[in-house]
Amino acid sequence: MTLTIATWNINSVRLRIETVARFVAEHQPDVLCLQETKCIDGQFPLADVKRMGYEHTAIHGQKGYHGVAVFSRFALKDVDRKAFCDKNDARHIAVTLAEGPGAGTRIHNFYVPAGGDEPDPAINEKFAHKLGFLDEMEAWDALRVGGGASKTVLVGDLNIAPLEHDVWSSKQLTKVVSHTPLERRRLTEVATNGGWVDMMRALTPEPQKLYTWWSYRSPDWDAADKGRRLDHVWLSPALAPAMRQVKVLREARGWDRPSDHVPVVATLAL
DNA sequence: ATGGCCGCCTTTGGCGGA
């Protein structure tokens, strides 16, 4: 039996609900995790989500910014929404699959702060927030999955491209927030100290380029191809033997009125 | 750096994204 889990920063779920429907029709993930839904829970287009075949949903939104959601073909239990950095800004939701091939699997869906422009926490509060968020992720017991039997998946827009070949030019981006040496090291520490396996890079090792985001500002994103890998799929070691495939849906960046991120679809054999 | 865009708001310009 296989379980497919997709993650996608949708950049407004209300504006792009038909884009979500297109992706679901074409790829049929069992579980879909969204980030940047940008609406309060009462405005979330749940009727459309049900029409796509997802009977089970868990959402955590706020007005205008951020927001995360999980849609599932299988029943969910133990839904938790954790606040980071003493803010209530809808950047995390966790669920456990209660049935199906992945029954018992815990899924954490994250939207890590972007961090503003200036990569100096002393003068840029947003960058300090991003680093503080990573500190809290690293310290959280629930994200320490190494060594045990825990079946846990962490997905989301982590807003950091940690490896050299996660960006089009590591040298040219070294002072750009999302690829500074400090962020790269801190995200790697969160993963390593937590015991996580980077599923995308386990299946597509460096030096192959791997991007999930292309700026809206690029006049010809496809030809220029100045992308970054900001979206991630991490697995606890107990799930690593189940890794089968990761698809990065580059073509979705070229759809009408696209998100600047594309879906990432992970397949596990369970 | 891509910086030339996009989406949100009790909107018409400012903020946040990355």
Side-chain angles (χ1 to χ4, degrees), chain A residues 7-20 34-45 59-69 84-85 87-92 109-121 123-134 156-184 186-187 209-232 248 250 252-264:
Chain A
T7 180
W8 194 8
N9 179 319
I10 193 61
N11 188 16
S12 175
V13 72
R14 287 178 293 171
L15 195 68
R16 273 184 257 284
I17 191 64
E18 290 311 316
T19 310
V20 174
L34 297 180
Q35 305 86 36
E36 281 209 88
T37 53
K38 294 191 171 178
C39 65
I40 59 172
D41 292 351
Q43 296 175 324
F44 203 102
I59 60 180
H60 184 196
Q62 67 172 75
K63 189 162 81 174
Y65 298 104
H66 322 315
V68 288
F84 286 77
C85 303
K87 295 175 190 282
N88 197 6
D89 60 353
R91 292 179 181 279
H92 168 266
N109 179 13
F110 273 96
Y111 177 52
V112 171
D117 285 327
E118 191 60 52
D120 179 352
I123 61 171
N124 174 9
E125 207 171 87
K126 292 178 195 169
F127 195 70
H129 179 210
K130 186 176 197 175
L131 296 176
F133 198 99
L134 294 170
D157 177 4
L158 306 185
N159 266 319
I160 296 171
L163 303 179
E164 178 183 352
H165 298 285
D166 291 339
V167 295
W168 62 277
S169 168
S170 191
K171 188 170 279 187
Q172 286 178 259
L173 290 167
T174 192
K175 291 179 179 169
V176 174
V177 170
S178 75
H179 193 65
T180 63
L182 177 57
E183 292 167 89
R184 295 171 64 186
R186 290 295 297 123
L187 188 70
K209 293 288 189 185
L210 205 48
Y211 312 141
T212 64
W213 174 89
W214 292 261
S215 173
Y216 283 129
R217 298 190 200 196
S218 189
D220 188 347
W221 71 274
D222 196 24
D225 201 20
K226 293 181 173 177
R228 305 179 199 169
R229 182 171 72 113
L230 303 180
D231 302 277
H232 296 266
V248 178
R250 181 186 174 106
R253 184 64 179 77
W255 291 352
D256 287 342
R257 297 200 75 188
S259 169
D260 45 357
H261 295 250
V262 298
V264 178

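Note on naming: letters A, B, ... go to the chains in the order of the sequence lines (proteins, then strands), and numbering restarts at 1 for each one.
Applying the salt bridge (charged side-chain N to carboxylate O under 4.0 Å, His left out) rule to A/R253 yields no partners; only residues at least two apart in sequence or on another chain are considered.
Inspection of the A/D231 and A/H261 side chains reveals an N or O donor paired with an N or O acceptor under 3.5 Å.
Remark: the separation of the P atoms in B/dG14 and B/dT10 is 16 Å, to the nearest Å. When the C1' atom is used for both B/dG4 and B/dC9, the distance is 24 Å, rounded to whole Å. Nucleotides B/dA18 and B/dG13, compared at atom P, are 25 Å apart to the nearest Å. One P atom belongs to B/dC6, the other to B/dT11, and the distance between them is 23 Å to the nearest Å.
Between A/L182 and A/F127, the shortest heavy-atom contact is CD2-CE2, 4.2 Å.
Atom pair A/E125:CD and B/dG17:C1' shows a separation of 16 Å (rounding to whole Å applied). In this structure, CG of A/D89 is placed 19 Å from P of B/dC15, rounded to the nearest angstrom. As a whole-Å value, the separation of A/E118 CD from B/dG17 P is 16 Å. A/K130 has its NZ atom 8 Å from the C1' atom of B/dA18, to the nearest Å. Atom P of nucleotide B/dG16 and atom CD of A/Q62 are separated by 12 Å, given to the nearest angstrom. Rounded to a whole Å, the CG atom of A/N124 is 12 Å from the C1' atom of B/dG16. Here the C1' atom of nucleotide B/dC15 and the NZ atom of A/K126 are 7 Å apart, to the nearest Å. Rounded to a whole Å, the OH atom of A/Y211 is 18 Å from the P atom of B/dA18.
The pair A/D222-A/R250 counts as a salt bridge, with a side-chain nitrogen and a carboxylate oxygen less than 4.0 angstrom apart.
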Set out, in order, the CA-CA distance, both residues' side-chain angles and the distance that settles side-chain contact (heavy atoms from CB on, under 4.5 Å) for A/K130 and A/I160, then state yes or no. CA-CA 10 Å; A/K130 186 176 197 175; A/I160 296 171; 3.7 Å; yes
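With a 4.5 Å cut-off on side-chain heavy atoms, A/P258 and A/T19 do not count as touching. Residues A/D225 and A/Y211 are in side-chain contact: their nearest non-hydrogen atoms beyond the backbone lie under 4.5 Å apart.
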Across nucleotides 4-13 of chain B, 5' to 3', mark each nucleotide with B, S or - according to how protein heavy atoms within less than 4.0 Å reach it. BBSSSSS---
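Backbone-only contact: A/R91 has heavy atoms under 4.0 Å from sugar-phosphate atoms and none from a base. Base engagement by A/W213 is indicated by at least one non-hydrogen atom pair under 4.0 Å involving a base atom. Note on A/D225: nothing from the nucleic acid sits closer than 4.0 angstrom, heavy atoms only. A/D117 comes within 4.0 angstrom of a base, heavy atoms only. Residue contacts for A/H179: at a heavy-atom cut-off of 4.0 Å it reaches no nucleic acid atom on any strand shown. At the heavy-atom level, A/Y111 lies under 4.0 Å from the strands shown only through sugar-phosphate atoms.
Dashed line: the shortest gap from a side-chain N or O of A/H66 to OP1 or OP2 of B/dG16 is not under 4.0 Å.
With A/T37 as the partner, the side-chain contact (heavy atoms from CB on, under 4.5 Å) test is satisfied by one option alone out of A/I40, A/L34, A/D41: A/L34.
Mapping A/V112 and A/L173 onto DNA chain B via the closest heavy atom, the residue that lands nearer the 5' end is A/L173.
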